[in-house]
Amino acid sequence: MSVINYKCPACGAPIEFNPRLGKFKCGYCFTEHTEEELTAYLEKLQAKTAAADESAGDASAGNNAATESGTRNDSGENTDKDTASGNSSETGGQTVKVYQCANCGAEVVAGDTSTAAFCYYCHSPVVITDRLKGNFKPDRIIPFKVDKKTAVQKFLEWAGKKKFTPKGFTSEMQQEKITGIYLPYWQADIDAKVDYHAVGVNVTRWSSGDRDYVKTDKYKIDRTGDIAVNNLQKLAFSKIDESLLNSITPYDEAEMKNFSAGYLAGFFAEQYTEDKEAIKPALMTQAKQTTTALIKESTSCTHFESEKDSTAYSVRDQRYVLLPSWILTYIYHGKPYVFAVNGQTGTTCGELPLDKAKAALTSGLLGIVFGALMFLGGMFIW
């Protein structure tokens, strides 16, 4: 089964992960369940469904071959639809896939990299399990701690400090568009075998009487040894601005958990579009920058000459992780502006659309007021 709908064990209603509680809470019967409890419950349901399907398959095994799944047209081509793995189509230049909601049977449309979504008919959280297998199964995840209400509040606080924003920028309709999404990252632990040599320089300047003095001290610097640079991370998703997301980091790695699909329920999630080999050079660059900074911080020199760095780097471990963000996109005059909230810490960053007409009007009014004050002041002077 390629699609799982998360349901309340107590009443069977759709259920989502509640970031504030750190548990699943049913919006109908208000019972609370841990991720472990819900996963165990769903595994039992899946086992029963599989057993029932197997029994039904055994019962129909003796039927005539004409009853086999799928039909063939005059040319012998199989025309049956694959509802288990989803049907692909093109929408606006982007590949999408259609799945069947296990709760109500309606079609669930997901982007080509989406691993979690919602059924637009029964509003059940949907996790697309066939996209969470093999290399696409995450190793770890940081669950949401910031809920939608808090994310919207942070957006309003941020937008309230800005002037000349377009009309409707903070409307309720706009607030509803804020989306909780797990974004894919590659995370690595890299070992550095340090072999660094340089001349460190300190320059001291002072004056005495009418004379200026300059003193230059030089030191031989040799650094060898081992440095472990852990938990480096790089966004593995090319469809969003990485510089914006870097502004809402870091995440608290202590709250990282082993991946479980249950944490995705109630949110959107994406697969990586950049594989681990493509990301590795960027992680190596981060490791080199971190190591070099640590080496130079170990000295008291202000700058360095004749540097020779033969440090060797090797990846000890590389992991596929999902990190939580609240994302709000606003299209203004054809250009997208993005606001983001760290789904764990609440750190925010955003791009602001400018209403030029509003800014020009305000500038004009201020100009009129200033001109009137200058005129009145001139009358009093004369």
Side-chain angles (χ1 to χ4, degrees), residues 2-6 15-25 32-43 46 110-111 113-118 124-148 150-151 178-189 230-240 242 245-246 248-276 279 283 317-327 340-347:
S2 61
V3 173
I4 293 180
N5 293 83
Y6 279 75
I15 193 170
E16 302 177 1
F17 183 76
N18 187 306
R20 185 174 54 82
L21 297 175
K23 297 180 180 180
F24 290 82
K25 184 173 182 178
E32 298 177 8
H33 308 274
T34 66
E35 190 279 329
E36 293 78 10
E37 292 170 346
L38 190 61
T39 297
Y41 168 73
L42 291 172
E43 287 175 350
Q46 291 173 35
T113 58
S114 299
T115 56
F118 290 86
S124 296
V126 173
V127 176
I128 305 171
T129 56
D130 67 351
R131 295 186 178 183
L132 295 169
K133 296 178 179 179
N135 292 334
F136 285 104
K137 181 180 180 181
D139 297 302
R140 298 181 186 177
I141 187 172
I142 292 181
F144 273 88
K145 289 186 69 176
V146 175
D147 59 15
K148 184 172 184 176
T150 304
I178 195 165
T179 302
I181 181 170
Y182 284 102
L183 291 173
Y185 285 78
W186 285 110
Q187 191 179 75
D189 299 332
N230 297 328
N231 296 326
L232 296 172
Q233 65 188 33
K234 179 78 169 59
L235 181 68
F237 190 64
S238 60
K239 300 179 182 180
I240 195 168
E242 183 176 8
L245 293 177
N246 287 341
I248 64 172
T249 57
Y251 288 83
D252 183 359
E253 305 292 342
E255 296 183 347
M256 188 80 73
K257 298 180 180 294
N258 290 330
F259 176 75
S260 173
Y263 291 117
L264 306 185
F267 301 94
F268 288 86
E270 296 291 342
Q271 287 179 332
Y272 63 80
T273 58
E274 304 286 338
D275 65 29
K276 65 193 309 182
I279 292 294
L283 292 171
D317 186 29
Q318 193 167 348
R319 301 172 293 279
Y320 175 32
V321 303
L322 296 181
L323 302 180
S325 300
W326 288 98
I327 305 293
V341 181
N342 184 312
Q344 180 198 32
T345 66
T347 303

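Quick caveat, the model's predicted, so the values are computed rather than measured.
When the salt bridge (charged side-chain N to carboxylate O under 4.0 Å, His left out) test is applied to E255, the partners found at least two apart in sequence or on another chain are K145. Residues passing the salt bridge (charged side-chain N to carboxylate O under 4.0 Å, His left out) test with D252, sequence neighbours excluded: none. With sequence neighbours excluded, no residue forms a ring-ring contact (aromatic ring centres under 6.0 Å, His included) with Y6. Annotation: ring-ring contact (aromatic ring centres under 6.0 Å, His included) contacts of F24 (sequence neighbours excluded): F17. F237 pairs by the ring-ring contact (aromatic ring centres under 6.0 Å, His included) definition with nothing, not counting sequence neighbours. For E32, there are no salt bridge (charged side-chain N to carboxylate O under 4.0 Å, His left out) partners at least two apart in sequence or on another chain. Checked against side chain to side chain contact (heavy atoms under 4.5 Å, CB included), P138 has the following partners two or more places apart in sequence or in another chain: L132, F259, Y320, L322. Every side chain to side chain contact (heavy atoms under 4.5 Å, CB included) that D317 has, sequence neighbours left out, goes to D189, R319. For K148, the salt bridge (charged side-chain N to carboxylate O under 4.0 Å, His left out) partners at least two apart in sequence or on another chain are E176. Applying the side chain to side chain contact (heavy atoms under 4.5 Å, CB included) test to A340 and every residue at least two apart in sequence or in another chain returns L244, L245, I248, I327. With sequence neighbours excluded, the residues satisfying ring-ring contact (aromatic ring centres under 6.0 Å, His included) with F268 are F118.
The salt bridge (Lys or Arg N to Asp or Glu O under 4.0 Å) contacts involving residues 256-276 comprise nothing, where partners must be two or more places apart or lie in separate chains.
Within the model, atoms CG of N231 and CD of Q187 stand 4.5 Å from one another, a figure rounded to the nearest 0.5 Å. We find the CZ-OG distance between R131 and S114 to be 6.5 Å, quoted to the nearest 0.5 Å. Note: Q344 CD to L323 CG = 8.5 Å, rounded to the nearest 0.5 Å. Going from atom CD1 of I15 over to atom NZ of K23 covers 11.5 Å, rounded to the nearest 0.5 Å. To the nearest 0.5 Å, atoms CG (L42) and CG (L38) are separated by 4.5 Å. One finds the CG atom of N246 at 8.5 Å from the CD atom of Q233 (value rounded to the nearest 0.5 Å).
Partner of Y182 under the ring pair (Phe, Tyr, Trp, His ring centres under 6.0 Å) criterion, chosen from F144, Y263, Y272: F144.
No side-chain donor from either of T39 and E43 sits under 3.5 Å from a side-chain acceptor of the other. Judged by distance alone, the side chains of T249 and Y185 never bring a donor and an acceptor atom under 3.5 Å apart.
Considering every non-hydrogen atom in both P125 and G266, the closest pair reads CB-N, 3.3 Å. In this structure, T347 and T345 approach most closely via the heavy-atom pair OG1-OG1, 3.1 Å.
Not a single donor-acceptor pair under 3.5 Å links the side chain of S325 to the backbone N or O of I181.
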>> Could you go through V146 and W326, starting from their C-alpha distance and side-chain angles, then the distance that decides it, and tell me whether this counts as side-chain contact (heavy atoms from CB on, under 4.5 Å)?
In response: CA-CA 9 Å; V146 175; W326 288 98; 4.0 Å; yes
> Would N342 and Y251 count as a side-chain contact (heavy atoms from CB on, under 4.5 Å) if you check the C-alpha gap in whole Å, the side-chain angles of each, and the deciding distance to 0.1 Å?
Replying inline: CA-CA 8 Å; N342 184 312; Y251 288 83; 3.2 Å; yes
> Checking side-chain contact (heavy atoms from CB on, under 4.5 Å) for the pair L235/I279: CA distance, chi angles, key distance, verdict?
Replying inline: CA-CA 8 Å; L235 181 68; I279 292 294; over 6 Å; no
> So K239 and T113, side-chain contact (heavy atoms from CB on, under 4.5 Å) or not? Walk me through it.
Replying inline: CA-CA 10 Å; K239 300 179 182 180; T113 58; 3.6 Å; yes
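With salt bridges taken as basic N to acidic carboxylate O contacts below 4.0 Å, one links K234 and E242.
Between P143 and E35 the shortest side-chain heavy-atom distance does not fall below 4.5 Å.
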